[in-house]
Amino acid sequence: MISPKKPTNEKQRLDELYSYQILDTAIEQSFDDITKIAAQICDSPISLVSLIDQDRQWFKSHHGLDVSETPRDLAYCAHAIHSPQDLLEVSDAFKDERFHDNPLATGAPHVRFYAGAPLVSSSGYALGTLCVIDHQPKSLTEGQKEALWALSRQVSALLELKKSNRILEETRVAQSQTEQTFRDRLERIGDMVYELDPKGKFIYVNPVLIRISGFPEDELLNMHFSELVYESDIERVTEYYIRILKNKEVSSYLEFKMKGVNGPVWVGQTVEIEFDDWQGVHIYGVARNIQELMEARDRMEKSEEKYRWLSEYSADMICLHEPDGRYKYLSSSVKDLLGYEQDELIGVSLYDLIHPDLIKSQVDVKSLNEYGFSGIESRLRKKDGSYVWVEFYAKPIYNEKQEVVSIQSSTRDISKRRKFDEAIQRAMRLAENAKQEAIASAKAKENFLSTMSHEIRTPLNAILGVTNLLLMEELEQKHLDHLNLLKFSGENLLSLINDILDYNKIESGKIDFEKVDFNLREVLINLKQSVMPEVDKKGLELVLNYDEQLPNMFVGDSVRITQIINNLLSNAVKFTEEGFIKLDISLIERKGSVAQIRFEIHDTGIGIASANQSVIFENFAQASDDTTRKFGGTGLGLAITKKLLLLMGSKISLDSELGYGSIFYFDIELPIGNELEALPDTKSGSSVFESVADRDIHILVAEDNRANQIVLEKFLQKWGMKVEFVENGRLALERSKIECYDLILMDLQMPEMDGYQATQEIRKLSTTYGQNLPIIALTASALLDVRKKVKELGMTDYITKPFNPEELYKKILKNAGKVLKRLVSPINDPISLRLHELSEGDPDFKKELTQHYLDQYEGFMSSFSKAMKELDEKMLKEACYGIKTSNEVLEYTALDQVIESAQQAMLGQGISKEQSIEEATKAYESITATLRDILSHEL
Ligand code: ADP
C-alpha cells in the first residue's frame, strides 16, 4: 500500500477547508440527496461526500456506509485531492499497488472499486471528493463519470452556499450587536434622535423622543414629522425644511416648538440629509430639549429689554465703558445730551470728552477703576464743540478674579440745575446785598433817630429846665398858666421822642433785658411819687397795695418794668377826672426762687369802649380822635407796653367799660433777688430838694450846650452845690487831674473829646481817686446800647436829658458821699492817695499818719547806714524788717530791691556796701520828700 502524500499547498488547503466550518456538522438532507443520486447513477452501493482533514477523512454524507470517518492514510480520497481537475478511478484495488493491501479493500467495507471527483473550493483547493465505491472491480462509463463530476460541483456549490450563509449570518449578528450598542448610546445621550424616510415619516425614533413627545413608538412610526411640530410653528418649520430640501443643504439647524407630553417644548434640531443622486434618501435628525435655555434666554431678553428700555427711555445717558474709559455702549439719550449718534462714540474715550480743566482736578483712570465716580460735576464736549455741564456717576464691574472688566456710567445734564443754582446764588447775593442795605438803612435810621433825639432833646432840655425854674418863682396866674402849658407841651414832645425811639428799638428786636437786683417796692413807691403831684392836682386818690407776701428784691430790668408801670399809671391818672387809682401788686405763686407777680392798675376814669379795647394796643392808636388834644400822648405807650411784656413772656389784659373806668393787668415771673443788696434809702421820706450846702459838694459839669449849662447851674446852686463847667471831655480830664471833685456830670456828645473817652482816660489814672470818682453820664439818648456802654466804660450812673430835677438831685446825693473831700496834691501821687484812704479823708489824721511814716523812714535810714558801715547784720535785719511794713502799707516798692541786695552787699556779694547805701539813700530821699510835700499841703 502506498500512503497518500500531502499536497504542497496543504496548509492553505486546510485553512480553506476550515473556513467552511463544515467538519463534524450534522447530516444534511441536501448532501445525502446528492450521494444517493451519485450511487444510483454510478450503480454503486456506496457514495460519500468525503472531506480530507489533517489526519482523517470525514464524511459529510455517507450513503451505503455506516462510518463517518476513517484515517487519512487509508483514504482513497486523500489520493484524489492531489489532482483537483481529475477524477480518480480505481477499477480494482487488488490490482493497484496503492491500495491492494489497504485494510479498507481487504476488509470491510471491501473497497475494490473507487471513483472520486474532487470537491474544489472557489479558490481552487481540493477539499475532498464526491466518490462512489463498489465491492467488485468495475469501471464507470463516460456518462457516469460526467454525472459524478456534475454532482461533485453541486456538492462544492452547496458547501459554498453554506459558507456564504454562515458568513452572512455572522455579519447580521455582528450588525445587530453594533446596532444595539448604537441604540443604547442614542438613548443615553438624552437628545431626541430619529430617522425619516424621504417622505418625512419616522422610521426610527429613540426612547428620548418617545418620552418627550408622549406618543408610543408604534404611533410615532406612522407619523409624519410635521405632526410633532407645535401648531404655532408648523408653517415656519415646514417652509424651512422645504427650502432645505430644495437647496439640497446637507446640514441644517432650526429651533422650534414641538408637541410635548406636558405642552409645547422648545427644541434645537440638527438635521443631516444623505442625498443619493440628489434625491433625499436618508434624513437623520437630532433634536435637543432647549426649553430651559429658551426660558433663561427669554428671561434674559426681558431683563435686557427692561434694561435697554430703562436706559433708552432714561433722560440720563447710560453707558458701558472699557476699563480705560472708552465707550462700548451708549443709550439713545446721547443724541440729546451731546448731539452724537450712539454709534459715533463707540470706542471714543470719556477722557476725550471731559473738559481738560476738569480731568486733572477730578477724574483719572486709576480712581475710575478703583472706586468709580460718584456725583462728579463735570463738563462734556458736545458734537458742536460747546460744553455741557453734567453730573457723572460711574461704577466698575468686576469679574470673579476681581479684575475690572467694564465701567457702568450714568451721565445727567445739570446745566439747568447749575443755571438755577447760579440764579439762586445771584438771588442770594442780591438778597444779601439787600439785607446789608436794609441793615445799613436801619442803622442809618437808628443813627438818624439818635442824632435827632439828641438835637431835639438838647433845646428841649433847656426849655423844660427853664420852665421848671420859672415855675419855682412867684408868678402871676396868667404866666403860670402859660408856663404850665409850655411844660405840658414840652413833656409831651419829650415822651413822643422817647416813645418813638423805644418803639423803633423794640421793632428792630434790639432790646436786651438787664438782669440785675432791684427793689420792686422802692420802684413802685418812686413811681407813685412821680405821679403824686398830678394826682393831687386832680384831687384823686392813689393807693399802692404791695402784697406783704412778696419780697422786695427781684432780679430783672427795673428800667423796663418802671417804663411799663409808668405807662399804665400815667394813663390811669391822665384819663381819670374823679375817683381813685389803685396799684395792686400781688404774689400769685412762688416756685422756688421765682415769684409769679400780678400787676393791676385800676382807675375810675373814662373807660374804653369794647370796640376800641384791642385797637389801643396798636401803635399810634388812641381810643378817640380828640385824645391828644384833650389828654396829650402819642398812642405809642400801650403798643410799647404790650411789646415789652411779650418780650418778657407776658401778656397785657384789659377790663374796661366806657364811662366806668379800666383795669389793666398782667403777670410776670421774676427771680427773687438778694435782699442784702437792698441799700437802705436813707434819703427816702426826706423832703426833696433840701439844700445840702453844709455838705460842701463840689461838682464838675462837662457840657458844651450853654442853655443846659445855665439850667444845671441854676438847679445845682439852688441845692447848695458848688459847680464848675467845662465844654469838653479833654478839659474835664485836665481839671480832674488837678481838682478833687465829689462828682462829675459828663455829657456824652461833646467836641474834641467825648464823654466816653474822657471817662476812660480818668479811669486810667493810677490814682484811687481817678478810679473811684463818681461820673454820671448826661445822655440825650436812652437807647439800651448807650446804657450798656455807659456801664462798660465804668461810669457810675446816667441821667437822660432833659433831666428830671428830682432824679438828678437824688443821684448826686447818692454818689457824692463816696469821694474825696479835699484837694490832693500832687494828685497823681499814690502815696498821698493811700494816706488819704487810710485816714478816710480825715485831714488831721492824715497829717498824723504822714508824720508817723516820715519818722519811720528817717529812723530806718540812720539804722541802715550805721549797720552797713559797722557791718552789723542784726541791726540791718531789724531795720529792714521794721520798714517793710511801712512799705507795704504805703504800697511803696522802691526800697524792696535795696533791702534784698543790702544783706548780700554786707557779705561782700553782689553790689558793694557803698553802692547799697547810695541806693537806699535815693529811695529814702524820694519817699521823705513826698511825705514832707504832703505835710506842707495839708498844713
Ligand atoms: P397815649 O400816649 O395816647 O396815652 P397809649 O398807647 O398809652 O397812648 O394809649 C392809647 C389810647 O388808649 C389812649 O389814647 C386812650 O384813648 C386809651 N387809654 C389808655 N389807657 C386808658 C385808660 N386808663 N383809660 C381810658 N383810656 C385809656
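Counting begins at 1 with the first residue of the sequence. Ligands are counted one by one from 1 in listed order, and the atoms in each one are counted from 1 as well. Model, not experiment: these values are computed from the prediction.
Note on Lys811 versus Glu807: salt bridge recorded, some NZ/NE/NH1/NH2 to OD/OE distance being below 4.0 Å. Electrostatic pairing of Lys537 and Glu534 counts as a salt bridge here, judged by a charged N lying under 4.0 Å from a carboxylate O.
Ligand 1 does not have Gly605 within reach: every non-hydrogen atom of the residue lies 4.0 Å or more from it. Residue contacts with ligand 1: Ile608 is included, with a non-hydrogen atom under 4.0 Å away.
With a 4.0 Å heavy-atom cut-off, ligand 1 is reached by the side chain of Ile606 but not by its N, CA, C or O. Neither the backbone nor the side chain of Ile601 has any atom closer than 4.0 Å to an atom of ligand 1 (non-hydrogen atoms only). By the criterion of a heavy-atom distance under 4.0 Å, neither the backbone nor the side chain of Phe617 is placed next to ligand 1.
Interface of Lys574 with ligand 1, defined as ligand atoms under 4.0 Å from a residue heavy atom, comprises 1 (P), 2 (O), 4 (O). Proximity to Phe664 (heavy-atom distance under 4.0 Å) selects the following atoms of ligand 1: 20 (N), 21 (C), 22 (C), 23 (N). Listed by atom number, the atoms of ligand 1 under 4.0 Å from Gly607 heavy atoms are 25 (C).
Tested against Val726 for a side-chain contact (heavy atoms from CB on, under 4.5 Å), the candidates Gln709, Arg735, Glu703 yield a single pass: Arg735.
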Inset, instruction - Determine, step by step, whether Glu792 and Lys789 satisfy the salt bridge (Lys or Arg N to Asp or Glu O under 4.0 Å) criterion, reporting the C-alpha distance in whole Å, the side-chain angles of both residues, the deciding distance to 0.1 Å, and the verdict. - result: CA-CA 5 Å; Glu792 277 167 17; Lys789 201 166 169 188; over 6 Å; no
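In terms of modelled atom types and a separation under 3.5 Å, the side chain of Thr796 and the main chain of Ile775 share a donor-acceptor contact. Asp603 contributes no side-chain N or O that, together with a main-chain N or O of Ile581, makes up a donor-acceptor pair within less than 3.5 Å.
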